[in-house]
There are 2 protein chains.
Amino acid sequence: MRAQLSLRERKKLQAMRRIQEVALELFDEYGYSNVTIERIAAEAEVSPSSVYRYFGTKEYVVLYDEYDPVAVQSLDDEFAAQDPVAALRRVTTDMVEELESREVDLVRRRMRYAMTEPDVRAGMGRQVEQITTEIRGLLAKHTGRDPGDLDVRVLAAALVSVFMTAIEYWHDTDYREPLHTVLDRALDVIDGITLDRPRG
Amino acid sequence: MRAQLSLRERKKLQAMRRIQEVALELFDEYGYSNVTIERIAAEAEVSPSSVYRYFGTKEYVVLYDEYDPVAVQSLDDEFAAQDPVAALRRVTTDMVEELESREVDLVRRRMRYAMTEPDVRAGMGRQVEQITTEIRGLLAKHTGRDPGDLDVRVLAAALVSVFMTAIEYWHDTDYREPLHTVLDRALDVIDGITLDRPRG
DNA sequence: CTCCGCTTCGAGAGTTACTATCACTTGGGA
DNA sequence: TCCCAAGTGATAGTAACTCTCGAAGCGGAG
């Protein structure tokens, strides 16, 4: 699955994981804004320069997720087979199922900061925007339309927006309901949206 | 309309307008990131402290809009009279019509930075989030539901998301089409969403 | 195994957004 | 006219982020 990484790449990946783990530990103990990059770097035994090289910003130390690109790829695959809403449902369910419990824990820890800390939340906003653009591209590709089309834009934005709303609700209700159920209910509200029948 | 302002409040408002104008002038000439708060303050003949007191952040110097609260108020009124989608349409059309051409110009200048400069864009994201929360409250109020309801959340998020998509499209296409037309087309895509009939 | 080149790393210095504090000024009511 | 509260500006400090440059270390060629 991921063996063709060079030593360099493996070291980098390991370092990133270690830095993220150390950072979360420190954040949990002292609070996000009371921990400096310098401190994280010291604790992770790398230079501050490296933290910036790897993550770019402090928020991204929390937000970085090595599986993000995989998710987008899956979405691309599923868009080919079914309508966008069903595809999103499918990919989400699959991803959740594949996570090991240790990973689930990490995700929730990170999510807490994404929901709570304004800076981290803003950073997530940027990521969401970027992913929305990618989804616009995918939708355009699979429907033969232009990515700049208003309809394509609206559909992409709506999908992402509903997804994020589900995530936030899930978090706010302490993960009581499984994510896929929440997402199902959320998607029901906008059900019926497609690009094939532009007018109601 | 706005006469009950004390001298203090009038001076503050004037100062804020002057600072924003001066800042935009400088940004237009040198680029957003090449202009420091210190320079803006000097040019506007106030102290840097005051700029921070008034706006809080550099992005908010661009994003500040004295009519934002008015818009939310209008939305509250219209939600009482008609369905959410129609209400949003209505408020937008009204607001656009009321703007004088000098103000339209200012709005577009500011919008350019909101779309182009990452920091400003992120700041706008925060504002959008806050407004989304307010709209959730309004929807809850007018439908007798809880603001935390998943359905309420999804509807609020969808409305705002579609609105922002329309704005961005409008900007990307150089304001060729009037905003209300763009918004109409955008809203058509999600037409049929209501809280009264939760399932399609 | 050895050496060379290119990528990555770390150290240091610098910029600037933002915060906190505090003495000073000014508006608004008595 | 006087007084108090609110607003202002100067100053000092923090920490995120950037740039630069010399020092490693990986990976391929001989």
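Convention: sequence-line order gives letters A, B, ...; per-chain numbering from 1. No hydrogens, no waters, no symmetry mates; every other heavy atom, side chains included, goes into these values.
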Going 5' to 3' along nucleotides 16-23 of chain C, which nucleotides have protein heavy atoms under 4.0 Å from the base (write B), which only from the sugar-phosphate (write S), and which from neither (write -)? SSBB----

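Between Glu45(B) and Arg18(B), none of the side-chain N atoms (NZ, or NE/NH1/NH2) sits under 4.0 Å from a carboxylate O, so this pair counts as no salt bridge. Between Arg89(B) and Glu78(B) there is no salt bridge, since none of the side-chain N atoms of the basic residue sits less than 4.0 Å from a carboxylate O of the acidic one.
Among the atoms of the strands shown, none is found under 4.0 Å from any heavy atom of Lys12(B). Across all strands shown, Phe55(A) has no heavy atoms under 4.0 Å from either base or sugar-phosphate atoms.
Atom C1' of nucleotide dT26(C) and atom CZ of Arg10(B) are separated by 15 Å, given to the nearest angstrom. Protein atom CG of Leu5(B) is 11 Å distant from nucleotide atom P of dG28(C), rounded to whole Å. The interatomic distance linking Lys11(B) (NZ) with dT25(C) (P) rounds to 14 Å, in whole Å. In this entry the distance linking CD of Gln14(B) with P of dG27(C) reads 12 Å, nearest Å.
One cannot find a donor-acceptor pair under 3.5 Å joining the base of dT8(C) and the side-chain atoms of Arg8(A).
If you walk DNA chain D from 5' to 3' and mark each nucleotide with an atom closer than 4.0 Å to a heavy atom of chain A, the marks span dA15(D) to dG27(D).
The CG atom of Leu150(B) sits 10.5 Å away from the CZ atom of Arg145(B) when rounded to the nearest 0.5 Å. In this structure, CG in Asp105(B) is found 11.0 Å from CD in Glu103(B), a value given to the nearest 0.5 Å.
In this structure, the side chain of His142(B) does not engage the main chain of Gln82(B) through any donor-acceptor pair within 3.5 Å. No donor-acceptor pair closer than 3.5 Å links the side chain of Lys141(A) to the backbone N or O of Asp76(A).
Among Phe55(A), Tyr113(A), Tyr54(A), the single residue meeting the ring pair (Phe, Tyr, Trp, His ring centres under 6.0 Å) criterion with Tyr64(A) is Phe55(A).
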Contacts under 3.5 angstrom, residues 122-131 of chain A side chains, donor-acceptor by atom type, not counting sequence neighbours:
residue, atom, partner, partner atom, Å
Arg126(A), NH2, Asp119(B), OD1, 3.4
Glu129(A), OE1, Arg121(B), NE, 2.6
Glu129(A), OE2, Arg121(B), NE, 3.2

